[in-house]
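Remarks on the structure that follows.
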2 protein chains.
Amino acid sequence: MAGTAIFNSSFSFRFSRIPTQAQAQAPSTVPTSLTPSTKPIPRPHWASLHTEIETHLKQAIPMKEPLEVFQPMHHLVFSAPRTTVPALCLAACELVGGHRHQAMAAASALLLNLANAHAHEQLPLTDRPKPRPGPAHAYDARMELMTGDGLVPFGFELLARADEPTHDNSERILRVMIEISRAVGSEGLQHAQHMRNTLESDGKELSHVESMKRVAEKKEGGMHACGAACGAVMGGGSEEEIERLRMFGFYVGMSQGMLQRGLIQEAKEMKNMALQELQFFKDRDLHLISTFINF
Amino acid sequence: MAGTAIFNSSFSFRFSRIPTQAQAQAPSTVPTSLTPSTKPIPRPHWASLHTEIETHLKQAIPMKEPLEVFQPMHHLVFSAPRTTVPALCLAACELVGGHRHQAMAAASALLLNLANAHAHEQLPLTDRPKPRPGPAHAYDARMELMTGDGLVPFGFELLARADEPTHDNSERILRVMIEISRAVGSEGLQHAQHMRNTLESDGKELSHVESMKRVAEKKEGGMHACGAACGAVMGGGSEEEIERLRMFGFYVGMSQGMLQRGLIQEAKEMKNMALQELQFFKDRDLHLISTFINF
């Protein structure tokens, strides 16, 4: 499974557009800092977008009966490590001319799917060779298992309900559902977890650069690609805008994934590629979207 | 949480329509066997509908790369214990005048959600007090955990894709997604699992009739209510037809749930209530739908 075969069909176009290493290392014409130097503008940050999504979700998940179900649901959603995926969804929506509210349900569904993935990664299973590091479990394993299970359909429900009351947005919503299902499913995040588990079971740590890249392509890369594409879809972006933002998200995620795994040079290359994708949008307001590469 | 409070809002209407015990035990005007005695007609059976859904799913889940992901997916989907929920979805669709193909994606999504619920119920967790009975696990726990996780979004994806290529069915599809999410989620199946776990953790076996009923209302009752309602929605049923079929499904599921828990008299009462709901459809062809009460 080398080369392009590790990408599923919806991602395979990437390789034809990946620049050569020389191109990637060439100076980008897009400035790395996009904040004008003449007058200080409060710099937007992805964390403020994330807070908006959490506020939305706190209203969507009321603390009501049965409390024994909703309390752990709150816990899993709001204690999961933050990722930039949901916020990127909102930023992509605005970049193509939409309002972030249009992408709020998609961002929420992404957050819920990622919260489930995180909770289930942490579950103490009898045959898991070593527990993952992390904070003490607030609930027992069965509770975290089934609560996580409830988050995924609830995310799709939020998306389905986003078509009400006008019923004029269903095509975008259904498309985003397919995007999310593929990103988290058997050829996406699920495959990444599988690859990681296989490597761990074989007694191999993820030290090999190629293995790390393959996991990151499905995990950080794939989820950010999905987040950005979903935002562009919900904001009414053109097909080209959607695919450009998908590429941007992919490289943003890859850059983060490489950085987390200590691959500094690779992270830098991916960041440059992300910047190149933004050139397509150079006439737009890039303040918000650039927060995802100025980390 | 006694009385009506154990039903979530979408189910609360039930109690107002539940007949008194005397009414429930009164002879029904709908014959229990609906096969004409004059000429032998091959009696339809829910299992043949189930086989059709499995055939559909075998095409939808191709055995392809990555095999290490798709093989366990096949296994979890096709080795899970059969329930009558997905088949009831098709039968309800036909009862309201639709063709079963219209409800195939909804039935598939129901089957996938139930397969995940079953797989995760069987997971060997470090703090599960006693393993559930069942066949030996074909895959390790991590694999069954993440494969189950992939089934749920895939079910929603199948539903989303069912709107293609004509894009004229989205309102029904989105409605069915909300129905399924609620049936499996925090106020449905997830709550049933929680109630059962709590009873087990407290050292109480599920011997108390009231406890068993409460679990069955969310589990067998709730899932069959959802299956029948989803079929009626996809088949273009009227609001009254949808709600009648929801009630029918609820009583079918409750009857099964009571029977499985050894409550013979209660099962009989629920079956009678299911029959009464069918009176509303007495001018239709009841052969297919009656397979769900002639067990």
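Residue numbers begin at 1 in each chain, while the letters A, B, ... track the order of the sequences.
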Shortest non-hydrogen pair, B:Ala141 vs A:Leu125, comes out as C-CD1, 3.9 Å

Ranking A:Thr147, A:Asn113, A:Asp163 by heavy-atom pairs under 4.5 Å to chain B gives rank one to A:Thr147

Ranked by heavy-atom pairs below 4.5 Å to chain B, first place among A:Val69, A:Val152, A:Leu158, A:Asn116 goes to A:Val69

List the steps and the verdict of side-chain contact (heavy atoms from CB on, under 4.5 Å) for B:Glu187 and A:Phe70.
CA-CA 9 Å; B:Glu187 294 180 272; A:Phe70 282 101; 4.1 Å; yes

Rounding to 0.5 Å, atoms CD (A:Glu179) and CD (B:Glu157) come to a distance of 10.0 Å

If one checks every heavy atom of A:His194 against chain B at 4.5 Å, the contacting part turns out to be both

Per-residue tally against chain B (heavy atom, under 4.5 Å) across A:Gly150, A:Gly155, A:Ala160, A:Ala117 peaks at A:Ala160

Cut-off 4.5 Å, heavy atoms of chain A, and the answer for B:Ile173 is side chain

Dump the intermediate steps for side-chain contact (heavy atoms from CB on, under 4.5 Å) on A:Arg196 and B:Arg142, then the final yes or no.
CA-CA 11 Å; A:Arg196 194 167 67 170; B:Arg142 290 189 301 177; over 6 Å; no

Between the CZ atom in A:Arg161 and the CE atom in B:Met177, the distance rounded to the nearest 0.5 Å is 14.0 Å

Turns out that what part of B:Gln190 lies under 4.5 Å from chain A's heavy atoms comes down to both

Exercise. Give the C-alpha distance, both sets of side-chain angles, the deciding distance and a yes or no for side-chain contact (heavy atoms from CB on, under 4.5 Å) between B:His191 and A:Glu68.
Key: CA-CA 9 Å; B:His191 192 199; A:Glu68 66 270 29; 3.7 Å; yes

Value for CG (A:Leu189) from CG (B:Asp149), rounded to nearest 0.5 Å, stands at 9.0 Å

In this structure, CZ of B:Phe156 is separated from CD1 of A:Ile180 (nearest 0.5 Å) by 11.5 Å

Honestly, the part of B:Met73 sitting under 4.5 Å from a heavy atom of chain A is side chain

Max heavy-atom pairs within cutoff under 4.5 Å with chain B, candidates A:Glu164, A:Met143, A:Glu171, goes to A:Glu171

Minimal heavy-atom distance between B:Pro153 and A:Ser181, with the atoms involved, is O-OG, 3.1 Å

Full working for side-chain contact (heavy atoms from CB on, under 4.5 Å) between B:Leu174 and A:Leu159:
CA-CA 9 Å; B:Leu174 292 171; A:Leu159 267 167; over 6 Å; no

Parallel, tilted or perpendicular for B:His120 and A:His120, by the 30°/60° rule? perpendicular

Smallest heavy-atom separation, A:Pro66 atom then B:Ser186 atom, equals CG-O, 4.0 Å

